[in-house]
Amino acid sequence: MTSQPPATLVDAHELILNESGYVVSVLTDADIDDYVALVASAYRGEASKQGWTTEADLLSGQRLDEAMAREMLAEADSTMILVRSVDGPAVASVYLREPVDSVAYLGVLAVSPLGQGQGVGSALMNLAEAWVAERWGARALQMSVINKRSELIAYYERRGYERTGETEPFPYGDERFGVPMVDDLEFVTLVKPLD
């Protein structure tokens, strides 16, 4: 008996993660504590320095807290995808916001340092791109990355994202997003066409 091929690209990318030993779900209220801890492990503090996505040399303090995570989860126009290992720990997540003028938004892509270098991040990016295209009809996917994250920007550029030339100021003075350790942070906007 042959199994049916996946019906959609979203299904196909979920299957790839499943076959690699991961469980994919939409984040729920019950996942908030794990989500906050996952994001912290990927971006801030000593533990994050084990991975290549750390911001610990640029920012100290939190990346997000429980209240911010709950606000994101409550947004009617967004989805947060969570990837767990089969034995339970959260290893990756991504925030997706529905398209405006056919352009969806990707944010807070987090992969635990323990999950980095194993293809989880790339597989989740593939899933996210398929998700916004198939489920929401997005024709492009946009993200904002801190300008000092040259290695991360280069990774996204290799995946087909292009700098738009647009920048956004970093929220200096709002410690909910961290405490800057340098003076010239800003966000650069990257966009990838999906068709």
Side-chain angles (χ1 to χ4, degrees), residues 4-18 20 22-29 31-32 35 38-39 42-43 53 55 63-64 68-83 90-111 119-171 174 176-177 185-195:
Q4 293 285 355
T8 67
L9 280 176
V10 169
D11 295 336
H13 291 302
E14 282 188 25
L15 182 61
I16 289 167
L17 282 159
N18 293 158
S20 299
Y22 300 101
V23 178
V24 179
S25 65
V26 172
L27 192 127
T28 68
D29 192 62
D31 301 310
I32 291 289
Y35 174 68
L38 167 66
V39 171
Y43 289 104
T53 62
E55 298 172 344
R63 174 62 174 82
L64 60 78
M68 294 165 68
R70 289 189 188 285
E71 285 175 21
M72 293 164 63
L73 184 60
E75 293 173 2
D77 64 346
S78 68
T79 295
M80 296 156 72
I81 299 172
L82 185 67
V83 178
V91 295
S93 63
V94 67
Y95 166 89
L96 300 171
R97 192 168 54 232
E98 293 180 8
V100 173
D101 297 328
S102 299
V103 180
Y105 182 81
L106 181 150
V108 199
L109 175 66
V111 181
V120 178
S122 293
L124 183 54
M125 287 289 296
N126 292 338
L127 174 61
E129 291 166 3
W131 184 287
V132 300
E134 289 181 354
R135 299 207 173 163
W136 295 338
R139 299 181 61 124
L141 188 54
Q142 177 179 312
M143 67 174 70
S144 300
V145 181
I146 293 175
N147 61 324
K148 300 289 187 184
R149 308 286 314 282
S150 55
E151 188 177 348
L152 189 58
I153 292 170
Y155 167 78
Y156 290 130
E157 288 176 330
R158 289 191 300 274
R159 288 192 55 90
Y161 289 81
E162 301 170 355
R163 296 176 198 227
T164 65
E166 297 173 26
T167 61
E168 302 168 37
F170 185 85
D174 188 346
R176 293 179 309 149
F177 300 101
L185 296 178
E186 64 182 359
F187 294 103
V188 295
T189 302
L190 305 173
V191 174
K192 178 180 181 175
L194 297 176
D195 38 21

Could you go step by step and tell me if V191 and E162 meet the side-chain contact (heavy atoms from CB on, under 4.5 Å) rule? CA-CA 5 Å; V191 174; E162 301 170 355; 6.0 Å; no
Could you tell me whether the side chains of S150 and Y155 share a donor-acceptor contact shorter than 3.5 Å? no
Can you tell if the side chain of L190 reaches within under 4.5 Å of the side chain of V145, non-hydrogen atoms only? yes
Please list all pairs passing the side-chain hydrogen bond (donor to acceptor under 3.5 Å, both in side chains) test where one or both residues lie in residues 91-101, with sequence neighbours left out. E75-Y95, Y95-R97
Please assess V26 against L82 for the test side-chain contact (heavy atoms from CB on, under 4.5 Å), listing each intermediate value before the final yes or no. CA-CA 6 Å; V26 172; L82 185 67; over 6 Å; no
Is the shortest side-chain heavy-atom distance between I16 and Y22 below 4.5 Å? no
Test item: N147 side-chain N/O and F187 main-chain N/O as donor-acceptor pair under 3.5 Å: no
Measure the shortest side-chain to side-chain distance between Y35 and V39 over non-hydrogen atoms and say whether it is less than 4.5 angstrom. yes
Would you say L194 and R139 make side-chain contact, with heavy atoms under 4.5 Å? no
Taking all heavy atoms of S78 and all of M72, pick out the closest pair and write down the distance. OG-O, 3.3 Å
After noting the C-alpha distance and the side-chain angles of Q142 and Y161, does the key distance pass the side-chain contact (heavy atoms from CB on, under 4.5 Å) rule? CA-CA 8 Å; Q142 177 179 312; Y161 289 81; over 6 Å; no
Check step by step if salt bridge (charged side-chain N to carboxylate O under 4.0 Å, His left out) holds for K148 and E186. CA-CA 8 Å; K148 300 289 187 184; E186 64 182 359; over 6 Å; no
Side-chain donor or acceptor of S25 paired with backbone N/O of L27 under 3.5 Å: no
Taking every non-hydrogen atom, the tightest pair across V24 and L17: CG2-CD1, 3.7 Å
Are side-chain heavy atoms of L96 and M80 found at a separation under 4.5 Å? no
Any chance you could measure T8, atom OG1, to E14, atom CD, to the nearest 0.5 Å? 7.5 Å
When rounded to the nearest 0.5 Å, the distance separating CG of L141 from CG of L106 is 5.0 Å
Who passes salt bridge (charged side-chain N to carboxylate O under 4.0 Å, His left out) against R135, sequence neighbours left out? none
Heavy atoms of I153 and I146 approach each other most closely as CD1-O, 3.8 Å
Closest heavy-atom contact between S144 and T189? OG-OG1, 4.4 Å
Inter-residue atom distance D31.CG - L38.CG, 0.5 Å rounding: 10.5 Å
Quick test of your reading: applying salt bridge (Lys or Arg N to Asp or Glu O under 4.0 Å), list the pairs with at least one residue in residues 119-133, sequence neighbours left out, ordered by first then second residue. E129-R159, E129-K192
Considering only heavy atoms from C-beta outward, does the side chain of L124 approach that of L109 to under 4.5 Å? yes
Closest heavy-atom pair and its distance - V120, A92: CG1-CB, 3.7 Å
Please confirm whether the backbone N or O of V10 pairs with a side-chain atom of E134, one donor and one acceptor, at under 3.5 Å? yes
Shortest non-hydrogen separation from P99 to A138 and the atoms involved: CG-CB, 3.8 Å
